[in-house]
Amino acid sequence: MSTEDAHDDHGHHLPAVEDWPRGFGEASWWPFITALGAGGIYLGAALFIVASGQDSTISPALAPAALVGSVAVFLVGLYGWLYHAFVSAFWSREASETSGKALRWGMIAFLGSEVATFGGGFAYYFFIRTGAWPPQSLPHLLGSLVVVNTLLLIASSVTLHWAHVALRNGNRRNFLIGLVATLVLGVIFIGGQVLEYYEFIVHSQFTVTSGIFGSAFYGLTGLHGLHVSLGAVLLGIVFVRSLAGQYSAERHVSVTTVSMYWHFVDAVWIFLVVVLYAGAQLGA
Amino acid sequence: MQITGQLALTVLMGIFLVGVAAWLARVENWRSYTPLASGGGGAHGTGHAEKPSGVIRWLTTVDHKDIGILYGFFGIISFVVGGLMVLGMRIELFDPGATLISESFYNSLLTNHGITMLFLFGTPIIAAFSNYFVPLLIDADDMAFPRINAIAFWLLPPGALLIWAGFLPLGDIVPAQTAWTLYTPLAAGVGNGNQANAGVDLLILGLHLTGVSATMGAINFIATIITERAEEVTWANLDIFSWTILTQSGLILFAFPLLGSALVMLLLDRNLGTTFFAVEGGGPMLWQHLFWFFGHPEVYILVLPPMGLVSYILPRFSGRRLFGFKFVVYSTLAIGVLSFGVWAHHMFTTGMDPRLRASFMAVSLAIAIPSAVKTFNWITTMWNGKLELTTPMLFCIGFVANFIVGGVTGVFNASIPVDLILHDTYYVVGHFHYVIMGAIAFALFAGMYYWFPIYTGRMYQRRLGKWHFWLTMIGTNLTFFSMLILGYAGMPRRYATYLPQFSTLHQLTSVGALILAAGTIIWAYNFATSWIEGPKVQDGDPWNLEETGMHTAEWEWFDRKIETAVTDGGEEESVVADGGGERDDA
């Protein structure tokens with residue numbers, strides 16, 4: 001059969017040629033270190049809860065220390081991982097059709113899992129929304145702030161797409177301009193969200209514990225805000241890499257995957273504004 | 001004072017971390033792990049030439065085969081832990097009163113037995129097979145994301161630590177007693193019990209972490225099977241095991257993240273005073289809906305890959321190809337889709353809307369059809385076949401037999417009137433253990449025996465394998481059939497004590513559990529000793545699959561590995577693989 005010939009032709013590609021420890025093809029410290037950090041973050045959260053117990057003997061300083069240390073280890077792991085797997089040999093690395101396709105499919109699958117992640121929060125909101133409405137005096141949800149914020153986020157999706165098209169046409173300058181614009185719009189959006197939280201918490205006395213709508217509002221906008229923040233970090237990484245001269249019309253997989261993520265988060269926001277901001281006012 | 005203390009600790013932590021980093025860097029300089037093989041040049045990816053040696057190899061590996069073995073060890077350790085927990089319960093249940101352990105400790109064992117077996121044994125041990133074999137079967141270099149593969153594994157040990165933390169002597173933490181379903185308001189810490197204790201929070205955090213791990217693995221398998229197949233491996237000739245792994249990964253993708261969200265919401269309810277599952281908010285029903293929207297697909301997450309294993313292994317010892325291959329694939333996909341539409345059959349007695357209830361009953365009954373399609377395909381594969389009753393084959397046949405009992409009892413449970421009577425009795429426990437122990441664990445044992453030569457390069461002891469099978473088969477049926485009868489007799493589940501009239505059946509159940517334990521000890525002894533000193537497998541076809549034309553990709557790979565080892569100067573001097581002649585013309 002031809003299977004055997006194909007075997008000998010393509011040989012065995014090793015996954016971690018440039019990595020730490022050096023000199024091996026199938027060894028990398030980064031996943032272990034990153035997992036250590038991630039596990040430590042959960043342990044830190046656990047310590048936090050244990051220490052807040054009534055007669056706990058654990059020092060209250062332990063949990064924050066463990067959290068800070070774990071986050072540091074986690075970030076170091078991620079940095080080394082990204083550096084060795086994607087950044088260090090960017091131009092010399094073999095950029096096969098398959099690896100790009102795998103990364104795009106990986107992002108699609110991840111976004112599929114995100115649908116389920118958001119689904120849990122929305123399920124709660126729909127559950128309470130079917131009951132008597134409004135369940136409490138709602139804060140002023142549909143103000144100018146949320147409209148402006150929504151427009152900013154939509155605009156950021158447009159600028160990101162524009163930047164990506166520019167990159168594929170070989171226009172590096174426009175790519176960078178579009179990327180910066182997206183990043184700035186994203187950061188302004190996060191600022192707008194912080195401002196809204198401030199307004200609600202300080203001026204409207206509407207907090208996460210203010211009744212059943214408070215849980216839905218802060219749960220969903222908080223989850224979304226975390227996602228936008230992660231998106232901003234990802235855009236920042238793409239931006240730094242492009243400043244360092246990476247990406248070209250042919251090599252732009254991470255620009256593709258990051259923009260998939262950003263558009264997804266944008267779409268979730270539009271859905272969220274319609275059902276949570278506008279939907280809560282309906283019939284209220 | 002307080003703040004200076006915190007600062008000092010933070011600084012100390014930082015110094016400690018820098019120290020660790022420096023130590024690690026020095027470890028690298030020691031070069032204790034020079035590459036093993038001398039001539040790594042043309043190696044066929046035998047998997048040993050490109051790694052450090054010693055412990056560092058296992059900590060740093062991104063090789064799918066090594067990670068598969070790590071998953072295997074983790075799964076087996078969890079199996080032992082979960083098994084010891086249930087032995088404690090069964091011994092306690094030997095007499096009606098609470099004599100050996102307290103009721104609350106019984107509840108803790110009950111909770112953690114379920115969670116350990118499902119999250120720390122079931123999902124990881126399946127990953128042990130899929131990691132090792134899917135890339136070999138589809139002729140990929142490795143998984144699509146080898147490093148994500150590694151981190152998905154390394155998130156499991158801290159997750160397990162958190163889940164089991166309640167049992168460790170850590171101050172005033174008590175283990176969770178919520179049962180694995182974590183129903184609110186009990187799991188929200190409401191009421192006079194001790195479930196506001198941090199032990200439940202730790203369990204929730206650990207579960208979330210293992211969920212993240214499972215989701216990462218699923219994303220990896222989806223990307224791998226879709227994009228990394230060799231040209232010759234098309235969708236039409238993709239093997240059945242990879243099909244089930246692909247379907248399973250699709251289920252994980254939507255089930256586990258939803259559980260993750262629900263767990264975080266529960267954690268916030270417990271610690272921040274949100275109202276997600278409080279009575280005035282979403283209420284206990286929302287938790288049950290969200291939990292079972294995850295929980296029922298989880299059943300298929302656990303059962304589909306074992307079904308794939310049986311579909312893959314059973315034909316090899318029947319001398320025939322799998323009967324109706326296409327329909328086995330279609331039924332796998334059908335189960336995958338339907339599995340998201342049956343969750344409320346766990347909630348028939350909650351007083352939910354009867355119209356909703358009827359539709360869930362219909363879909364639950366419908367899922368029996370693809371399951372039966374598979375069962376009949378396995379039976380017709382064996383029909384008139386040339387059966388070889390090796391240990392893996394015995395476990396496959398045991399799987400089919402037990403799955404029929406587990407499946408048919410499930411059909412009864414799915415119909416509302418019967419469920420209203422049998423709900424929360426031992427009947428339910430018997431039903432799902434017939435599937436989980438009788439079917440899933442059997443298929444996993446079949447896989448372990450079938451591929452033992454590939455994992456270890458050696459052969460297990462056949463006689464002990466047979467002993468293991470028969471003890472497990474008898475133990476399973478004794479234990480869980482007694483439970484079915486207990487359920488008919490009206491014994492409610494989850495109780496540490498019972499009325500004297502149930503004594504005989506409970507004792508039979510406990511005897512069955514002890515027989516299972518005996519079988520498991522034999523299995524552990526067999527695998528441990530065979531791994532160390534079993535006879536070395538000399539060629540890549542220990543099951544004589546070539547006679548029937550069923551030699552598959554992973555055995556061809558194994559054959560090449562043996563040959564490479566010999567040409568590299570391995571200790572074998574005997575003639576290599578006589579069956580390999582027609583293949584090694586390269």
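These numbers were taken from a predicted model, which means no experiment stands behind them.
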About how many Å separate [atom2] of [Y] and [atom1] of [X], when rounded to the nearest 0.5 Å?
X	Y	atom1	atom2	value
A:Phe32	B:Trp58	CZ	CH2	14.5 Å
A:Tyr218	B:Thr274	OH	OG1	13.5 Å
A:Arg104	B:Ile226	CZ	CD1	12.5 Å
B:Asp141	A:Thr98	CG	OG1	9.0 Å
B:Trp154	A:Ile33	CH2	CD1	12.0 Å
A:Glu26	B:Lys65	CD	NZ	5.5 Å

Chain A heavy atoms under 4.5 Å from [X]: which part of the residue, side chain, backbone, both or neither?
X	answer
B:Ala150	both
B:Ile173	side chain
B:Thr215	side chain
B:Leu205	both
B:Leu286	both
B:Pro158	side chain

Answer whether the closest heavy-atom distance between the side chains of [X] and [Y] falls below 4.5 Å.
X	Y	result
B:Ile56	A:Trp29	yes
B:Met216	A:Phe110	no
B:Thr275	A:Ser215	yes
B:Arg147	A:Asp19	yes
A:Leu103	B:Phe145	yes
A:Ser113	B:Phe254	no
B:Val264	A:Leu223	no
A:Tyr42	B:Val212	yes

Do you know the tightest heavy-atom contact between [X] and [Y]?
X	Y	value
B:Val62	A:Ser28	CG1-CB, 4.0 Å
B:Asp142	A:Pro15	OD2-CG, 4.1 Å
B:Thr60	A:Pro21	CG2-CD, 4.1 Å
A:Ile49	B:Ala198	CG2-CB, 4.1 Å
A:Gly119	B:Leu258	C-CD1, 4.0 Å
B:Leu162	A:Ala46	CD2-CB, 3.7 Å

- Can you list the steps and then say if B:Ile148 with A:Trp81 is a side chain to side chain contact (heavy atoms under 4.5 Å, CB included)? CA-CA 10 Å; B:Ile148 288 182; A:Trp81 182 329; 3.6 Å; yes
Considering only heavy atoms and a distance below 4.5 Å, find which of [options] pairs most often with chain A.
options	value
B:Pro257, B:Ala262, B:Gly260	B:Pro257
B:Gly250, B:Ser261, B:Ala165, B:Ala218	B:Ser261
B:Leu209, B:Ile222, B:Leu155	B:Leu209

Answer yes or no: are there more than 12 heavy-atom neighbours, outside [X] itself, under 6.0 Å from its atom [atom1]?
X	atom1	result
B:Phe340	CZ	yes
A:Tyr83	OH	no
A:Phe48	CZ	no
A:Trp105	CH2	no

- Query: Which bit of A:Val76 is near chain B, if near means a heavy-atom gap under 4.5 Å: side chain, backbone, both or neither?
  - Reply: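 Neither part, no heavy atoms under 4.5 Å.
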- Task: Heavy atoms only, distances under 4.5 angstrom: which of A:Ala102, A:Gly40, A:Gly120, A:Ala16 has the most pairs with chain B? Name it, please.
- Result: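 Option with the top pair count is A:Ala102.
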